[in-house]
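First comes the structure, then the notes that go with it.
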Number of protein chains: 2
Amino acid sequence: MCGALAPEELHQLVDILTDVELSAHAPLFHEGDPAEHVFNVTRGSIKLYKLLGDGRRQITGFMFPGDFLGLAVNSEYVYTAEAVTDVKLCRFPRRKLDVLRERMPKLDRRLLALAMDELVAAQDQMLLLGRKTAEEKIVSFLLMLARGQERRGEKVDPVHLPMSRTDIGDYLGLTIETVSRTLSSLRKAGAIVMEGTDRVHLKHRDRLEEVAAAMT
Amino acid sequence: MCGALAPEELHQLVDILTDVELSAHAPLFHEGDPAEHVFNVTRGSIKLYKLLGDGRRQITGFMFPGDFLGLAVNSEYVYTAEAVTDVKLCRFPRRKLDVLRERMPKLDRRLLALAMDELVAAQDQMLLLGRKTAEEKIVSFLLMLARGQERRGEKVDPVHLPMSRTDIGDYLGLTIETVSRTLSSLRKAGAIVMEGTDRVHLKHRDRLEEVAAAMT
DNA sequence: AGCCCTGATTGATCCAGGTCAACGCATCCG
DNA sequence: CGGATGCGTTGACCTGGATCAATCAGGGCT
């Protein structure tokens with residue numbers, strides 16, 4: 001159930017975890033809440049976001065099965081976490097996890113590796129937000145989801161979009177209209193085929209990879 | 001010289017470090033290079049950036065004395081590091097650092113804390129890049145520099161801009177013209193006073209904080 | 001001193017993506 | 001079954017910031 005853990009760690013960790021479930025759109029915690037737990041997604045997807053004073057929102061990441069969230073050395077969560085779909089997670093109390101870290105130094109190493117991976121993803125996202133066009137953003141996003149499905153051993157072909165257009169916009173720094181229009185134009189250009197509103201077939205993935213990296 | 005380290009770590013680390021110096025604009029390493037060293041800035045400032053295929057650039061961070069760079073679990077650097085000013089750093093060979101990590105589990109914990117701090121900063125930057133206006137970006141940037149100077153115990157008042165307008169633009173997802181125009185309009189509005197091209201006095205810092213957080 | 005050379009500023013114009021508005025299309029519910 | 005409600009799409013128009021194009025201001029060199 002807590003798939004992403006190394007076997008030797010798993011044994012000790014199962015003692016302190018609790019399974020939790022959440023319905024779609026339910027919040028898991030809010031930015032500024034005391035960070036009492038760390039979570040691992042086991043099923044469904046979660047979005048993480050930050051808000052500006054006037055309501056503008058930036059989604060900093062979507063979490064899928066195997067991903068950790070709530071990692072923070074500080075005492076407060078720095079973003080809000082909200083269920084995109086119905087989700088199942090396992091929850092680790094930070095206090096107990098800290099005790100475990102004392103006894104099991106390898107755990108810190110593992111958490112460091114996870115944090116570094118997130119950091120690499122965050123830097124890619126900065127490049128996307130700061131310097132890519134709407135089309136490049138959408139294509140990069142679709143490829144990121146496709147890679148995620150691959151990594152988790154799921155079927156790659158119809159890329160699944162569990163989140164709303166609003167969420168996609170708030171992740172890519174675009175409006176919902178631009179998201180919709182860009183998907184339509186990719187569809188008209190034959191680069192993708194939509195199956196309903198939440199499944200996408202990528203045609204010529206190699207060419208899409210080039211668009212995302214802005215190879216001229 | 002390697003200020004930012006805890007005393008008990010410092011003792012063991014000094015054995016494996018080498019001091020290095022770099023002139024302004026000299027590259028320290030390139031994205032894709034084998035990640036053989038970790039660095040700690042002791043003097044001056046460094047910029048980290050990623051490039052798209054056609055030359056568009058996103059600076060993912062500026063590093064100042066006390067900051068670490070080159071941290072990566074993978075074998076390759078994921079960004080290019082280049083001196084903004086003349087810099088002094090201390091360099092740790094990754095191989096030796098890894099050996100030290102085996103013997104000194106607290107080191108992983110410390111690196112984890114550093115990585116988490118960077119992650120928090122990265123998420124703030126995503127919010128900035130995705131959802132803030134040019135003015136909010138510039139104001140946020142000036143405040144970030146001011147806080148950095150405070151944190152390092154430097155004089156706060158004239159905020160120092162060691163980097164070029166191009167660098168500021170590539171960090172904030174703007175063009176140099178927009179950076180220049182926005183600084184001019186802040187100056188005309190009396191929010192800042194420029195002293196030459198690389199020193200800024202912030203007036204009404206509290207009001208600037210509100211602009212950066214988009215309090216309406 | 002005078003002369004480049006490089007980076008910053010300012011002005012004029014343009015356009016990618018935002019905004020505003022209408023409409024389509026499910027799903028839900030009385 | 002009809003009306004409402006909530007996404008998503010599409011169209012028309014607008015605008016913040018990009019682009020293109022002159023200057024301008026040091027700072028180093030002879």
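Since the structure is predicted, the reported quantities are computational estimates derived from the model, not experimental observations. Chain identifiers are assigned alphabetically (A, B, ...) following the order of the sequence lines, protein sequences preceding nucleic acid strands; residue numbering begins at 1 within each chain.
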Considering every strand and a 4.0 Å limit on heavy-atom distances, what is the contact class for B:Gly173: base, sugar-phosphate, or nothing? sugar-phosphate
Whole-Å distance separating the CD atom of A:Glu177 from the P atom of D:dC14: 16 Å
Looking just at side-chain N and O atoms, do A:Arg165 and A:Thr197 make a donor-acceptor pair shorter than 3.5 Å? yes
May I ask you to check whether B:His160 and B:Gln149 show a side-chain donor-acceptor distance below 3.5 Å? no
Which word best sums up how the rings of A:Phe29 and A:Tyr77 line up, parallel for under 30°, tilted for 30 to 60°, or perpendicular for over 60°? parallel
What is the distance, to the nearest angstrom, from the CG atom on A:Leu186 to the P atom on D:dT9? 12 Å
Quick one: A:Glu135 CD to C:dC15 P, roughly how many Å, whole number? 18 Å
Whole angstrom value for the distance that separates P of D:dG8 from CZ of A:Arg199: 15 Å
Determine the contact category for A:Leu174: base if any of its heavy atoms lies under 4.0 Å from a base atom, sugar-phosphate if only primed atoms, P, OP1 or OP2 are that close, otherwise nothing. sugar-phosphate
Phosphate OP1/OP2 of D:dA18 contacted by B:Thr175 side-chain N/O (<4.0 Å): yes
Spacing between A:Met194 atom CE and D:dT10 atom P, to the nearest angstrom: 11 Å
Distance-only polar pair, side chains of B:Arg181 and B:Ser184, donor-acceptor under 3.5 Å: no
Round to the nearest Å and state the distance from B:Arg181 atom CZ to D:dG16 atom C1'. 11 Å
Round to the nearest Å and state the distance from A:Met163 atom CE to D:dC7 atom C1'. 15 Å
Of B:Lys188 and B:His25, the one whose nearest nucleotide on DNA chain C sits closer to the 5' end is B:His25
Phosphate OP1/OP2 of D:dG6 contacted by A:Arg165 side-chain N/O (<4.0 Å): no
OP1 or OP2 of D:dT9 versus the side-chain N and O atoms of A:Ser180: is any pair under 4.0 Å? yes
Give me the one residue out of B:Glu209, B:Glu135, B:Lys132 that meets side-chain hydrogen bond (donor to acceptor under 3.5 Å, both in side chains) with B:Ser140. B:Lys132
Verify the contact: side-chain N or O of A:Ser184 to OP1 or OP2 of D:dT10, cut-off strictly under 4.0 Å; return yes or no. yes
Between CG of B:Leu161 and C1' of C:dG7 the distance, given in whole Å, is 14 Å
